[in-house]
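A quick write-up on the structure given underneath.
The residues of the chain are indexed from 1 along the displayed sequence. Whatever order the structure lists them in is the order used to number ligands and atoms, beginning at 1.
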Amino acid sequence: MQDTSPNPFPADLYGGRLTIDTDAIAANWSSLKSKLTGGAECAATIKANAYGTGQTETALRLHQEGCRTFFVAVPTEAVSLRQTLPNATIYALDGLFPGTADLLIQHNIRPVLGSLEELKEWAATCTAAGRSFDAAVHVDTGIHRLGLSGEEFLSALADPSLMGAFQPNLLMSHLACGSTPDHPMNRTQLQTFKTLTDPFKGISRSLANSAGVLLGEDYHFDLVRPGISLFGGRAFDHGENPMRPVAKVEVRIMIVRNVPAGDTIGYSAAETAKRPLRNAVVAAGYADGLLRRAGSSDDRPGGFAMIGDHKVPILGRISMDMITLDVTDIPEHLVKRGAFVEMLGPNVAAADLAAYAETIDYEYLTSLGRRFERVYGPLA
Ligand SMILES: *Cc1c(COP(=O)(O)O)cnc(C)c1O
């Protein structure tokens, strides 16, 4: 795909390069869609700048693949997506912020109404306008973040002064423990969602995020809304990850230096060289989304990067703008000033790096690349 966001500076001035393969994102979407044997619609959740991959590029490519319904989080994301996709259905998962109903209506955004207050404000706006505008209603089935309680939900849907005012075109809820397929809460939430929404069969229903898609047809209902799986991340905590990687981060080597045995590397002298080491210092750090927690110390191993087929461990603390890598055992011709090191991509899964940083790949993806050159194209 053509690079739709030209970078403001010459490539050689960047510390790193973030390559995003929107064809791989589209392939992941199609692969999830092929699992919907019961005929549910496959939407796409592209909040947080499409999990770091670029909202505009990703939305256009998914739309080209056939995706027609999109979920984002905050209203700003929804309004900006509307400029990109004039005809798509767009939901704002964060719902209705006070006093913003007219703005959402103006941009044809559907809020996912997450409380009785939001529902009443939307209904009142519709009544005042004399028109019935679309919205989703979110019912909480146990995660206790957004969503009407079961009781509120049932009484609201039975109230013609509310339900007669606007067009509820999606009833939805969200799984708390989808990433752990055997967790009993999945079944409990499924059952609660069924019981609460069964009386309103005329309205479309949605429960599944990426994990919900993989949990099977019981969870699919009329529409699924995967996010992380589209971006090659892990929906389930364990087992094979069948999705294609969609992003690669390569960072430039600034210098290569020797460190004598017994000397220390980086801030706080956290890591001591146990033997004479050869280190490569690369031009990216936690300010580029390479999380500080993935650094190493004498007490605790850190993450790694790849140079060719070679795994190179991170040495010492990750700084704001640089990372030190152990290249002692790597052939010299591969470790040259200016050469690129893969910090994340087909050979360094975000989920693996995330394990060292005690986080999840969602956090890596959404933090990536504020300072990198951005390139859209194949990862290879
Ligand atoms: C983020 C989100 C999704 C997508 O979840 P993934 O785990 O990334 O697939 C779906 N629904 C809601 C309500 C969300 O907040």
Side-chain angles (χ1 to χ4, degrees), residues 25 28-29 31-33 35-36 40-53 55 58-59 62 67 69-75 77-78 81 89-96 109-115 118 135-148 153 170-181 183 185-186 189-190 193 197 204-216 219-238 241-247 350-351 354 359-368:
I25 297 172
N28 285 336
W29 182 80
S31 134
L32 291 178
K33 183 176 153 73
K35 296 185 194 304
L36 306 177
E41 178 185 351
C42 196
T45 299
I46 59 167
K47 58 199 181 188
N49 197 26
Y51 291 53
T53 65
Q55 188 191 73
T58 291
L62 285 172
C67 184
T69 302
F70 294 83
F71 290 81
V72 290
V74 286
E77 294 174 326
L81 182 58
T89 298
I90 300 174
Y91 287 99
L93 288 166
D94 280 4
L96 180 61
I109 309 297
R110 301 178 178 182
V112 177
L113 303 170
S115 71
E118 290 185 8
V137 181
H138 192 163
V139 60
D140 178 37
T141 51
I143 194 168
H144 291 110
R145 300 189 316 183
L146 302 179
L148 281 74
F153 177 81
L170 189 67
L171 306 178
M172 60 161 268
S173 194
H174 192 48
L175 296 169
C177 302
S179 64
T180 313
H183 199 292
M185 198 156 161
N186 293 322
Q189 284 192 272
L190 173 64
F193 186 61
T197 57
S204 286
R205 299 188 281 183
S206 176
L207 178 63
N209 59 350
S210 300
V213 174
L214 303 184
L215 282 171
Y219 290 81
H220 294 169
F221 294 91
D222 302 299
L223 179 147
V224 301
R225 29 173 231 277
I228 193 73
S229 289
L230 303 176
F231 306 103
R234 265 191 173 282
F236 286 165
D237 291 338
H238 301 287
N241 177 10
M243 310 319 290
R244 270 172 67 177
V246 311
T359 182
I360 51 176
D361 42 9
Y362 293 68
E363 189 175 8
Y364 262 103
L365 291 171
T366 55
S367 325
L368 278 179

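- Using cut-offs of 30° and 60° on the angle between ring planes, the pair Phe71 and Tyr91 is parallel.
- For Tyr219 against Ala208, the heavy-atom pair with the smallest separation is O-CB, 3.5 Å.
- Checking only distances, His138 never comes within under 3.5 Å of ligand 1, N or O to N or O.
- Looking only at side-chain heavy atoms (C-beta outward), Thr197 and Phe153 come within less than 4.5 Å of each other.
- Checking only distances, Gly227 does come within under 3.5 Å of ligand 1, N or O to N or O.
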Discussion item. One pair to check against side chain to side chain contact (heavy atoms under 4.5 Å, CB included): Ile25 and Phe231. What are the steps and the verdict?
Written reply: CA-CA 6 Å; Ile25 297 172; Phe231 306 103; 4.1 Å; yes
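- Residue-level proximity to ligand 1 for Pro226 is carried by the backbone, the only part with a heavy atom below 4.0 angstrom.
- With ligand atoms numbered from 1 in the order given, ligand 1 contributes 1 (C), 2 (C), 3 (C), 14 (C), 15 (O) to contacts under 4.0 Å with heavy atoms of Lys47.
- With a 4.0 Å heavy-atom cut-off, ligand 1 is reached by the side chain of Leu93 but not by its N, CA, C or O.
- Scanning both residues, Leu81 and Ala59, for their nearest heavy atoms gives CD1-CB, 3.5 Å.
- Close contacts of ligand 1 with Tyr51, meaning ligand atoms under 4.0 Å from a residue heavy atom, involve 1 (C), 4 (C), 5 (O), 6 (P), 8 (O).
- When hydrogens are left out, the protein atom nearest atom 9 (O) of ligand 1 is Ser210 OG, 2.5 Å; that is the closest non-hydrogen contact.
- Only the side chain of His174 comes within contact range of ligand 1, with a heavy atom under 4.0 Å; no backbone atom does.
- In this view, Arg234 satisfies the salt bridge (charged side-chain N to carboxylate O under 4.0 Å, His left out) rule with no residue, not counting sequence neighbours.
- At a threshold of 4.5 Å between non-hydrogen side-chain atoms, the residues Thr45 and Asn209 do not count as touching.
- The shortest N/O to N/O separation between Arg225 and ligand 1 falls below 3.5 Å.
- Note: an N/O pair closer than 3.5 Å links Asn209 and ligand 1 by distance alone.
- Of the heavy atoms in Tyr362, only side-chain atoms (C-beta onward) come closer than 4.0 Å to ligand 1.
- With no hydrogens or angles considered, a side-chain donor-acceptor pair links His174 and Arg225 at under 3.5 Å.
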